[in-house]
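Structure record follows, encoded as structure tokens.
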Amino acid sequence: MGPVGKTLFRNGWLADVEQGKLNRGELLVEGGKIAAIGPSISCSTALVIDLGGLVLSPGFIDLHTHLREPGYEYKETIASGSRAAAAGGFTTIACMPNTRPALDTAARIAWVKTQAEATSKVKVLPIGAVSLGQAGVAATSFADLKASGAVAFSDDGRGVMSSRLMLRALQASQDLAMPIMAHEEDAELAGNGSVNAGAISERLADAGIPAAAEFIMLARDLYLTELAGGHLHVCHVSTAESVNLIRQAKARGIKVTAEVTPHHLHLTEAIVPNLLGQAKVNPPLRDEVDRMAVIAGLVDGTIDVIATDHAPHAAHEKNVPVGQAAFGFSGLEVAYPVAQAALVDSGFLSLAELLPALTCRPASILGLPQGRLAVGAPADLVMLAPATRWRVTAEKLRSQGKNTPYLGQDLVGQVLLTMVDGQIVFDAREEGK
Ligand SMILES: [Zn+2]
């Protein structure tokens, strides 16, 4: 990396995410930080980037990315996942510990940080496992994981079936001021289903994953959080009843935050019969009532953030019968246009009201200084072309995982340029994507 110079963004809209507004203005980057914001900034030594009337937002922050390294490098590496993040406008990503081996010791957390420093284009924040080997039995050494740089604890990929282990994790959350990121799934209720339980699972002769597999476990964890204190962060909320439970828990003063994925905001199980394995994800795509409920939850603040659950897989793991296909979508590179389609194009939010869910709110959940356009904040920025249409193709995706239900489709909303600490890490202004 070369020396970090000065960059002046002018002739566009600056996203004030804390106010949910877009303001005309100019922004100067110097020394990797935001140095000035104002109606007009003069600086003769800066590289000038003309926004051309488009939008400059704080870089997106993803609380839920699967980078697959170590152990599953054939699906994704920290390097390839970080290229996908940069192309999707994400400047900070928190990575889940369900690697091989799992990120369940201080040394493994430290290894990810070192590997990310060497190979990643964006900031990578490792999440430590709740249980050794994510086996759901013995707790990890939470304080050691935190000391080595873990930003949260999670056994994501599966639910924590042991109530005693979850209580212990929440006590550690309280003691260490770290969120527990909960994949709410009762494995016994979920059984071996592949898709949402209902008419479509019956048509496909699939056992079906009932909504209750999520909200029963969530109800338990909300009570455990009330008992233990601590901070419960609910991953990928997918059911209407989950939204109700979180809304009630917040009203009772329980410290709970929640995320929803772009695909649960935008898609339903209706696409499953056509796309089969390519539409298989956990939690599964639900019905329209659930989709409307998670949108309402995001709009009223019950759900705090949008997180991708970027889950890259190899083609041979997805292009198989639905019962054998791996769960998960590649999400980083389509998150912004899909969220915009679900929320802005349908009139639920303005773009300026959508952006906080991708920036300052995930930052505040992890206590990060980035995620806002403020003098002194890190110059983590993304330039957006909200009206530009582009086609999702396997060739365009930087992720090794080409598994997305959007393959071959046109999306509206393009990331044009991404900057991390004042350095351009992605630039599509010339290539036109
Ligand atoms: Zn999960």
Side-chain angles (χ1 to χ4, degrees), residues 62-68 72 75-76 81 93-100 102-104 125-131 133-136 150-162 165-166 169 179-196 209-218 220-221 232-239 242-243 245-246 256-265 267 279-286 290 294 303-313 317-318 325-332 335 362 365 401 403-405:
D62 189 16
L63 296 184
H64 194 142
T65 300
H66 295 275
L67 288 176
R68 307 302 193 198
Y72 299 100
K75 295 176 193 266
E76 190 82 291
I93 53 179
C95 63
M96 283 295 177
N98 62 336
T99 47
R100 187 174 58 194
L103 306 182
D104 58 0
L125 306 175
I127 297 166
V130 164
S131 64
Q134 292 194 301
V151 297
F153 306 117
S154 181
D155 268 0
D156 183 60
R158 60 183 68 160
V160 175
M161 286 292 282
S162 162
L165 175 61
M166 193 56 157
I180 302 297
M181 300 183 67
H183 169 116
E184 303 291 5
E185 180 182 16
D186 183 308
E188 292 174 1
L189 291 177
N192 57 3
S194 294
V195 303
N196 187 40
I209 302 172
E214 175 173 304
F215 66 72
I216 294 280
M217 189 67 108
L218 170 60
R220 180 202 72 174
D221 287 348
L232 181 72
H233 176 80
V234 184
C235 293
H236 40 55
V237 173
S238 73
T239 79
S242 301
V243 178
L245 289 168
I246 294 164
V256 54
T257 54
E259 70 188 35
V260 61
T261 69
H263 48 271
H264 288 107
L265 290 166
L267 299 173
K280 181 173 172 181
V281 67
N282 190 13
L285 298 174
R286 303 287 188 182
D290 292 312
V294 294
I303 295 173
D304 303 83
V305 306
I306 296 170
T308 68
D309 195 9
H310 176 75
H313 292 291
E317 296 169 310
K318 292 297 274 184
F327 286 104
F329 300 160
S330 186
L332 286 165
I365 286 173
N403 50 301
T404 160

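First listed ligand is number 1; within each ligand, the first listed atom is number 1.
Residue-and-atom listing of protein N/O/S atoms under 2.8 Å from the Zn ion (ligand 1), sorted by chain and number: Asp156 OD1, His183 ND1, His236 NE2.
The ring pair (Phe, Tyr, Trp, His ring centres under 6.0 Å) check on Phe215 picks up nothing, with sequence neighbours excluded.
Between the side chain of Asp104 and the backbone N or O of Gly133 there is at least one donor-acceptor pair closer than 3.5 Å. In terms of modelled atom types and a separation under 3.5 Å, the side chain of Glu184 and the main chain of Val234 share no donor-acceptor contact.
Checking Asp156, Thr99, Thr308 one by one against His66, the side chain to side chain donor-acceptor pair (under 3.5 Å) holds for a single residue, Asp156.
Around atom CZ of Arg158, no more than 12 heavy atoms belonging to other residues, nucleotides or ligands sit under 6.0 Å away.
Considering every non-hydrogen atom in both Gly81 and Leu67, the closest pair reads CA-CD2, 3.8 Å.
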